[in-house]
Undergrad: 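Mind looking over this structure? Questions follow.
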Protein chains: 2
Amino acid sequence: MNMHSTKQTDIQIDHILKHNQLSVTDSRKKILELFLQSNGALAHGDIEKKTGEKFDRVTVYRTLQVFMEKGIIHTIPTADNAVRYALCKDECTEGHHHDNHVHFVCNACGNTICLEEVHVPEVKLPKGFQPTEVQMIVSGICKECH
Amino acid sequence: MNMHSTKQTDIQIDHILKHNQLSVTDSRKKILELFLQSNGALAHGDIEKKTGEKFDRVTVYRTLQVFMEKGIIHTIPTADNAVRYALCKDECTEGHHHDNHVHFVCNACGNTICLEEVHVPEVKLPKGFQPTEVQMIVSGICKECH
DNA sequence: AAATTATTTGCAACAAAGTTGCAGAATATT
DNA sequence: AATATTCTGCAACTTTGTTGCAAATAATTT
Ligand SMILES: [Mn+2]
Ligand SMILES: [Mn+2]
Ligand SMILES: [Zn+2]
Ligand SMILES: [Zn+2]
């Protein structure tokens, strides 16, 4: 039963990598799998822990870097100097991201969650400021911890 | 003329420190001075560079930590793993911050600016999510670089 | 203003996080 | 199956952040 449930994910993982012209390697598969399984965003450290001794730290760095470049994941800035990463929706491409959604950081469980359905509201800037991207990070208590 | 212009700032610096029950030391004075002079936010690294050999790295860490605890400065999360710090308005106290303003990060000059006059808009979260703080970071081209 | 007390600093010694070049391994292509 | 391409792990290194403690500095008391 475990074999069946993973199979569907495996196909998905394979597709994401090939679609982005990346060779399908163990580390990339495993890290993508982690993102797909996780309901929240992951910090570099989280991935290192979850992969254990499986891969070198350097490989994790480089994999995240490549995923970023390809638009497979996006970053979520945090106040604790530990940027989180989360999967992008399909529409995201190398240059152009479509993730103008709000992020929630739970102060209880520490989870960082993409609120895909909550759009970042517009904001009027003073004369001369030309915005290209807007990040909105809400912290508090998440649904689970409430 | 330089001596006069600094005198006013010196009084201000002294007041901030005493008002927060902090002993008035060279490092604290110097770092506060940097914040007052700078029109943008400062990363830990910026401060280290600007103070040169004057203080130990550890002192800079501890000073920023104390300023944070006292509500003298606030953090601005960034995607580059280098949290920026900026002065709080007077109304901020140890526990309670009043800095619900938008921050702007310029992709040209790299400056991070507090847009004190631009308030963070309200946002409606899904059921169960209890917000306590909202951060909004806009990146693009700033007024100066435009 | 000198002595006492309390606080802060710098140093040393670490730990953790991130970077780079390169040879060998794994993947993709022919 | 052979070759070309890409990726990974290792080593060696730099940068960033942490902690304990003695000496230095600042605040308080006499
Ligand atoms: Mn997201
Ligand atoms: Mn600010
Ligand atoms: Zn939670
Ligand atoms: Zn600028």
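Each chain gets a letter, A, B and so on, in the order its sequence line appears, and its residues count up from 1.
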Undergrad: If you assign each of B:Q65 and B:S23 to its closest nucleotide in DNA chain D, which residue comes earlier from the 5' end?
TA: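 Upstream on the strand: B:Q65.
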
Undergrad: Provide, to the nearest angstrom, the distance between the CG atom belonging to A:L17 and the C1' atom belonging to C:dA26.
TA: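 These atoms are roughly 15 Å apart.
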
Undergrad: Taking atom P of D:dT6 as reference, at what distance in whole Å does atom CD of A:E69 sit?
TA: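 To the nearest whole Å, that distance equals 14 Å.
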
Undergrad: So that I can tick it off, tell me whether A:K30 and A:D26 are bridged by a salt bridge, with the cut-off set at under 4.0 angstrom between side-chain N and carboxylate O.
TA: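 A:K30 and A:D26: not salt-bridged.
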
Undergrad: Less than 3.5 Å between a donor and an acceptor, one on the side chain of B:R62 and one on the base of C:dG10, is that the case here?
TA: yes

Undergrad: Measure NZ/A:K49 against C1'/C:dA17 and give the value in whole Å, please.
TA: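 So the two atoms are 12 Å apart, to the nearest Å.
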
Undergrad: What is the distance from atom CD1 of A:I137 to atom CD1 of A:I76, rounded to the nearest 0.5 Å?
TA: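 If we round to the nearest 0.5 Å, A:I137:CD1 and A:I76:CD1 are 8.0 Å apart.
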
Undergrad: Does a nitrogen or oxygen in the side chain of A:T25 sit under 4.0 Å from OP1 or OP2 of C:dT27?
TA: no

Undergrad: On DNA chain C, check which nucleotide each of B:R28 and B:R57 is closest to and give me the residue with the more 5' one.
TA: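 Its nearest nucleotide being more 5', the pick is B:R28.
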
Undergrad: Determine the contact category for A:K54: base if any of its heavy atoms lies under 4.0 Å from a base atom, sugar-phosphate if only primed atoms, P, OP1 or OP2 are that close, otherwise nothing.
TA: sugar-phosphate

Undergrad: On DNA chain D, does the nearest nucleotide to B:N81 precede the nearest nucleotide to B:K18 from the 5' side, or the other way round? Give the residue.
TA: B:N81

Undergrad: Nearest whole Å is fine: how far is D:dA12 C1' from A:D56 CG?
TA: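 Answer to the nearest Å: 13 Å.
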
Undergrad: Over how many whole Å does the gap from B:E53 atom CD to C:dG10 atom C1' extend?
TA: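 Distance, rounded to whole Å: 13 Å.
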
Undergrad: From C-beta outward on B:T63, which listed nucleotide comes closest to its side chain: D:dA11, C:dT9, D:dA27?
TA: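 Comparing D:dA11, C:dT9, D:dA27 against the side chain of B:T63, the answer is C:dT9.
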
Undergrad: Identify whether the distance between the nearest side-chain nitrogen and carboxylate oxygen of A:D46 and A:K50 falls below 4.0 Å.
TA: no

Undergrad: Just checking A:E122: does its CD atom have more than 12 heavy atoms from other residues, nucleotides or ligands closer to it than 6.0 angstrom?
TA: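 No, CD of A:E122 has 12 or fewer neighbouring heavy atoms, counting only those of other groups under 6.0 Å.
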
Undergrad: Taking CG from A:D80 and C1' from D:dT16, how many angstroms apart are they, rounded to a whole number?
TA: 15 Å

Undergrad: From CZ of B:F55 over to P of C:dC11, roughly how many Å is that when rounded to an integer?
TA: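 Roughly 12 Å, once rounded to whole Å.
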
Undergrad: To the nearest 0.5 Å, how far apart are NZ in B:K124 and CD in A:E117?
TA: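 Output value for this atom pair is 11.0 Å.
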
Undergrad: Measure CG/A:D26 against C1'/D:dT6 and give the value in whole Å, please.
TA: 14 Å

